[in-house]
2 protein chains.
Amino acid sequence: MDLTERKRRILRAIIESYIQSAEPVGSKAIAASIGMEVSSATIRNEMADLEAMGLLEKPHTSAGRIPSPKGYRFYVNELMEAHKLSLQETERMNQALRLKMQELDRVLDQAGRVVSQLTNYPAFALSSGMDKVTIRRFDLLMVEHNAFIIVVMTDTNVVRNRLIRLPSDLTEAQLQMLNTLLNTTFTGLTLAEITPELMRVAQHAAGEAYGLISLVVSFAMEVLEGLEQRRVHTSGLAHLLELPEYQSLDRAQPLMSYLSEDSDPARFPVPKDDPMRILIGPENVADALKDTSVVVASYDIGEGMRGVIGVVGPTRMDYAKITARLSYLAEGLSRLFGQGELPQGKGDEN
Amino acid sequence: MDLTERKRRILRAIIESYIQSAEPVGSKAIAASIGMEVSSATIRNEMADLEAMGLLEKPHTSAGRIPSPKGYRFYVNELMEAHKLSLQETERMNQALRLKMQELDRVLDQAGRVVSQLTNYPAFALSSGMDKVTIRRFDLLMVEHNAFIIVVMTDTNVVRNRLIRLPSDLTEAQLQMLNTLLNTTFTGLTLAEITPELMRVAQHAAGEAYGLISLVVSFAMEVLEGLEQRRVHTSGLAHLLELPEYQSLDRAQPLMSYLSEDSDPARFPVPKDDPMRILIGPENVADALKDTSVVVASYDIGEGMRGVIGVVGPTRMDYAKITARLSYLAEGLSRLFGQGELPQGKGDEN
DNA sequence: CATTAGCACTCAGAGAGTTTGAGTGCTAAA
DNA sequence: TTTAGCACTCAAACTCTCTGAGTGCTAATG
């Protein structure tokens with residue numbers, strides 16, 4: 001798609017004006033806005049050309065033009081200039097990143113929330129799961145004569161624990177034995193490899209403490225399961241209602257519902273290769289997103305996992321600004337706990 | 001407030017009709033609905049009386065009547081009959097409760113989500129924090145020569161852990177020493193009692209390993225802090241838009257925003273004594289809730305904490321149904337982990 | 001040949017006026 | 001005390017008209 005320099009300038013002016021105002025743009029306004037010595041009639045001719053190429057469209061005969069999805073795509077690929085982040089903006093994000101991030105879940109939630117506040121669009125955050133995680137070691141800590149703590153660590157350095165209370169008493173020696181048995185039998189196995197047969201064999205070996213084995217192992221399995229699971233967090237949904245395109249309930253409601261039912265991570269696009277991806281209108285697979293745009297960025301969470309944060313908005317969203325912020329934040333997050341090391345030297349992997 | 005039996009029946013019929021339809025109720029409809037041998041004119045007279053008492057109001061002269069907040073209050077206190085839960089409903093809730101509940105945070109989230117799905121109204125869930133929690137014990141587990149796990153257990157039986165990686169190596173003996181020092185110095189203290197002076201003393205005692213002390217203790221402090229914190233989860237916001245009273249954006253938007261900014265738990269009402277509380281329209285403190293009703297139930301989370309779940313909706317919400325469901329769920333939650341014991345014998349306190 | 005001025009044409013949206021019908025309050029009779 | 005009857009009210013829906021921003025086309029211009 002080749003365009004003369006003038007057409008490019010006009011297209012760009014139209015898109016940027018429409019991004020601002022959400023109102024169809026007329027030839028006169030453009031003639032005035034670009035500092036060029038051409039009349040509105042000329043602009044009209046150019047606009048007709050751009051429309052013929054499929055880059056613009058008309059809501060109706062006597063309105064101005066609005067960009068088509070194809071137009072946005074061209075803008076994003078060729079016309080858009082990188083948005084410079086203000087000091088204020090980066091400071092805001094840095095501050096958000098510095099928050100105490102205790103659990104992965106909470107980090108995601110937090111990340112989504114920050115993005116949403118920063119962009120004034122709804123945001124979502126999800127983690128892509130892993131399915132070859134194994135348990136690296138078990139530790140059993142005696143607490144009282146009838147209670148102990150299971151500590152389980154995976155090969156991806158995730159540590160989880162649970163307190164177990166028993167109806168009967170337990171000796172330190174028993175616990176020790178159990179511990180050894182667990183570490184020899186159940187380490188290095190993926191969730192799928194922990195079979196009922198294996199369980200039966202282990203229970204047999206455990207003698208008296210055979211009931212405890214299944215207790216501990218089922219906890220370990222829960223942990224592995226939890227790591228496989230992908231969860232989505234959405235936030236800032238209410239921002240939708242502030243946008244002129246969602247003043248009509250008919251348009252807001254379906255999208256709103258779609259985004260709220262955040263149970264299914266599959267419905268959210270995940271960038272394949274690139275760290276950042278923009279999906280404009282019909283480029284989205286999901287029907288409910290057909291006339292919205294989605295910008296997603298991915299970041300390294302360490303432990304072999306990648307996190308994804310994204311923003312959903314009308315097709316006329318300010319791509320330059322959004323991509324700048326999103327990628328800054330994604331980078332920050334990568335840095336933050338991609339290495340398992342926080343700037344302050346806190347290695348939180350819980 | 002004394003009413004004749006007939007007035008009671010009429011008021012109840014009006015309220016229940018309005019709960020269903022959200023449309024002002026006319027005298028004729030009522031005359032037909034209650035199986036009574038009276039004409040609409042009589043009903044009109046009675047309605048005029050009820051209006052004089054402040055139980056009903058008119059949106060405008062030529063419309064039917066709608067209940068006033070006072071009317072709802074009367075209904076809730078005296079007229080409402082307990083809603084019977086269907087087998088299907090209880091089954092649905094039981095199923096939700098049976099879900100694997102790993103972390104408190106997730107439980108809250110889940111509880112709110114279930115309520116919201118069950119009632120078709122937005123729901124919120126929050127935990128009221130504790131501030132006299134202390135650390136009961138520390139355990140340090142060596143993982144590699146330069147990494148160990150901190151396991152911390154509070155007097156409320158919450159167990160948390162973190163993996164720490166060090167730039168330098170560490171001996172088992174050092175770790176042992178550290179462990180003892182921590183257990184003698186920092187157990188039994190609330191967050192406020194862990195003073196900088198105490199830290200300095202301990203660091204001095206730790207000799208070589210003085211840097212590690214602050215690492216571990218600051219993690220412990222984070223844990224205590226986390227338990228003090230109250231967090232809110234809202235869900236099902238999109239349901240608002242399905243209701244006729246929120247078809248106008250002007251009404252939906254402020255409420256939506258209010259509920260979305262879930263950072264501040266203070267904005268959500270917490271029932272003081274009763275296990276269940278109903279706040280009708282202006283009975284709410286927050287301005288944004290002035291013409292909505294809120295139903296909240298609290299439940300025991302064990303560990304001396306109480307959880308709160310609630311539903312927000314228009315004043316005409318179906319109080320009978322909502323209270324029934326909410327209290328069933330709250331009871332279930334209390335049972336579920338109030339005792340620290342799950343039905344299946346899983347004592348999850350992570 | 002590209003550009004421009006001029007003009008007729010289009011059409012969504014705002015505003016004004018009209019109609020409709022559900023519902024009320026009052027009065028007089030049962 | 002209840003009821004039938006009737007005049008009255010008023011929001012909501014509908015229709016009609018007007019307005020003005022914006023277009024496309026044509027003919028003139030450099």
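Just so it is clear: chains get the letters A, B, ... in the order the sequence lines come, proteins before strands, and each one is counted from 1.
For the side chain to side chain contact (heavy atoms under 4.5 Å, CB included) test with B:R316, the passing option among B:L243, B:I66, B:I15 is B:L243; the others fail. Between B:I30 and the options B:I43, B:L11, B:V38, a side chain to side chain contact (heavy atoms under 4.5 Å, CB included) holds for only B:I43.
Between chain A and DNA chain C, the heavy-atom contact criterion of under 4.0 Å yields a 5' to 3' nucleotide range of C:dT3 to C:dA12.
Dashed line: the shortest gap from a side-chain N or O of B:T61 to OP1 or OP2 of D:dC10 is under 4.0 Å.
In this structure, A:S62 and B:R44 both approach DNA chain D, and ranking their closest nucleotides by distance from the 5' end singles out B:R44.
When the P atom of D:dA21 is taken as reference, atom CD1 of A:I30 falls 16 Å away, rounded to whole Å.
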Pairs of donor and acceptor atoms involving the side chains of residues 52-60 of chain B, under 3.5 Å and at least two apart or interchain, shall be tabulated with distances.
none

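Ion pairing between a basic and an acidic side chain is recognised when a charged N comes within 4.0 Å of a carboxylate O; B:E5 and B:R9 show no such pairing.
Remark: B:K290 engages no residue in a salt bridge (charged side-chain N to carboxylate O under 4.0 Å, His left out) (not counting sequence neighbours). The salt bridge (charged side-chain N to carboxylate O under 4.0 Å, His left out) check on A:E91 picks up A:R98, with sequence neighbours excluded. Partners of B:Y328 according to the ring-ring contact (aromatic ring centres under 6.0 Å, His included) rule, which considers only residues two or more places apart in sequence or in another chain, do not exist here.
Residue contacts shown for A:K58 are limited to sugar-phosphate atoms, with no base heavy atom under 4.0 Å away.
Nearest heavy-atom pair, A:E245 versus A:R251, reported as atom, atom and distance to 0.1 Å: O-CD, 3.5 Å.
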Measure all distances between protein nitrogen or oxygen atoms and nitrogen or oxygen atoms of nucleotides 1-3 of chain D, and list the pairs falling under 3.5 Å.
residue: D:dT2; atom: OP1; partner: B:R6; partner atom: NH1; Å: 3.0
residue: D:dT2; atom: OP2; partner: B:R6; partner atom: NH2; Å: 3.2
residue: D:dT3; atom: OP1; partner: B:E37; partner atom: O; Å: 3.2
residue: D:dT3; atom: OP2; partner: B:S39; partner atom: N; Å: 3.1
residue: D:dT3; atom: OP2; partner: B:T42; partner atom: OG1; Å: 2.3

